[in-house]
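Every chain is numbered from 1, with letters handed out A, B, ... down the list of sequences. Both backbone and side-chain heavy atoms feed into the values below; hydrogens, waters and symmetry mates do not.
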Amino acid sequence: MPDPYQVWLSEVMLQQTTVAAVAPRFQRFLGRFPTVAALAAAPAEAVMEEWAGLGYYARARALHAAARAIAAAGAFPPDAAGWRELPGIGPYTAAAVAAIALGQPEVPVDGNVERVVARLFAVTEPMPRAKKTLAALAQGFSSDPAMRARPGDFAQALFDLGATICTPKNPACALCPWREGCAGQAMAADLPVRAEKVPRPMRHGAHFLALDGAGRVLLGRRPGHGLLGGMADIPGTAWTGAPWTDAEALAEAPFAAPWAAVPGVALHGFTHFQLTMRLFWARVEIPGTNQDWRPLAEAARILPTVFRRLLVLAEGAGVR
DNA sequence: CAATCGTGGAT
DNA sequence: TATCCAAGATT
């Protein structure tokens, strides 16, 4: 049976994140935190840095908290209900770990399974309202002898069916082993019915890149909750609905310095808004004592992508 | 229940 | 280029 720690870690990384993006990061994470004990013993900053670029940073905070809970308990939870009580473990991940790592007859319902079931039973109720219906229908797999015999492989097979045959667009129904019992085959490409999309608003920010004489940059730290919670950042203004004038932005600078505007802007898309950032930079020859100065290459490694874009903007403008 | 929470790749 | 969407959880 697979190592519960590795199954748990991979399932958390795979939440809303593609296999291609996760694969190298999973190996790197395991190299740095090989066991749940090692993860529990690590400082939070190290875990957040290792997660940089993967997105949904609440996952890393919860993963770390859960590791400490497991280490304190001295053992992994024995079943899905036990896993469900840990931070960052919802219905899907609890079922996936129980099925894959513990061999227990649970049915993890992810986006793939929802799509397969919506088509198999021709569910036309729109998402996300249909989630309850789809989850209930997916529980029907619990009586399948193949599922009882090999719950982990059954779950993996369901994921693979959704990823390679029962795909969101252009499903390959002709190749599907379940096509004969599929009530939604004729309308498969239109299921599940998605809610209408809402346009993402634009927000604006201004940030301040302080460089010392040794190629180091001054980093800040985000609050431990909410957007990018717990991550390093490049200090700046709030992200507001209206652009910042130079005067307004400079009044928000973390300290007085000969700030100069970097030409151009940096753009970044979040799930629910788009961001336009301006950048000011200054050479600061007297670093403060309790401040987080990092070489540019290191900063680029530990900053979330939104702030890496500012480093790219600066480099393109010849600022270094 | 609806909103929040990142990012990169595919189309 | 814009949109979609990915092995979701939390509030």
Side-chain angles (χ1 to χ4, degrees), chain A residues 2 6-26 48 51-63 65-66 83-101 106-116 125-132 134-135 138 151-164 166-171 189-190 192 194-203 222-231 233 239 267-275 303-309:
Chain A
Q6 295 191 16
V7 173
W8 165 41
L9 174 61
S10 65
E11 291 298 338
V12 170
M13 279 192 173
L14 286 164
Q15 290 169 6
Q16 298 295 288
T17 307
T18 58
V19 173
V22 165
R25 302 300 301 267
F26 175 75
M48 300 313 291
W51 204 270
L54 266 180
Y56 286 145
Y57 299 98
R59 294 182 296 175
R61 300 195 300 272
L63 184 78
W83 280 90
R84 181 68 184 82
E85 293 175 16
L86 292 169
I89 308 290
Y92 164 79
T93 305
V97 171
I100 296 169
E106 301 284 344
V107 183
V109 181
D110 72 331
N112 288 302
V113 178
E114 286 180 346
R115 187 170 58 254
V116 168
E125 183 184 5
M127 296 291 278
R129 212 174 62 212
K131 280 179 173 291
K132 254 199 294 278
L134 298 174
D153 288 341
F154 189 88
Q156 300 273 11
L158 218 40
F159 301 155
D160 289 343
L161 181 68
T164 65
C166 199
T167 51
K169 298 171 185 174
N170 307 313
D190 298 316
R194 294 286 176 188
E196 60 185 278
K197 63 180 189 300
V198 296
R200 291 184 302 177
M202 182 71 76
R203 294 190 195 173
R222 320 273 305 172
H225 55 89
L227 184 65
L228 304 167
M231 298 299 293
D233 74 355
W239 295 337
L267 304 174
H268 186 71
F270 289 96
T271 302
H272 53 294
F273 67 93
Q274 288 184 269
L275 180 63
L303 283 169
T305 301
V306 57
F307 298 117
R308 294 183 201 183
R309 304 224 191 273

Q) P87(A) or A163(A): which one's nearest nucleotide on DNA chain C is closer to the 5' end? A) A163(A)
Q.
So V22(A), base contact, sugar-phosphate only, or nothing? Heavy-atom distance under 4.0 Å.
A. nothing
Q. Taking the same atom, P, in dA7(C) and in dC5(B), what whole-Å distance lies between them?
A. 23 Å
Between N or O atoms, less than 3.5 Å apart, protein on one side and nucleotides 2-6 of chain C on the other: list the pairs.
from	atom 1	to	atom 2	distance (Å)
dA6(C)	N3	Q16(A)	O	3.4

Q.
Quick check for you: to the nearest 0.5 Å, what is the distance between F273(A) atom CZ and R203(A) atom CZ?
A. 4.5 Å
Q.
Need one value for I89(A): base, sugar-phosphate or nothing, where a base atom within 4.0 Å counts as base even if backbone is also close, heavy atoms only.
A. sugar-phosphate
Q: Give a yes or no on whether E85(A) atom CD has more than 12 heavy-atom contacts from other residues, nucleotides or ligands under 6.0 Å away.
A: no
Q. If the P atom of dT11(C) is compared with that of dG6(B), how far apart are they to the nearest Å?
A. 14 Å
Q) Of the nucleotides dC5(B), dG6(B), dT10(C), which has the atom closest to the R84(A) side chain? A) dT10(C)
Q) Looking at side-chain heavy atoms only, is the closest gap between F26(A) and Q6(A) below 4.5 Å? A) yes
Q. Given dG6(B), dA9(C), dC1(B), which nucleotide is nearest the side-chain atoms of K132(A)?
A. dC1(B)
Q. Touch check for G229(A), heavy atoms < 4.0 angstrom, all strands: base, sugar-phosphate only, or nothing?
A. nothing
Q: Answer with base, sugar-phosphate or nothing: what part of the nucleic acid does R309(A) contact at a heavy-atom distance below 4.0 Å?
A: sugar-phosphate
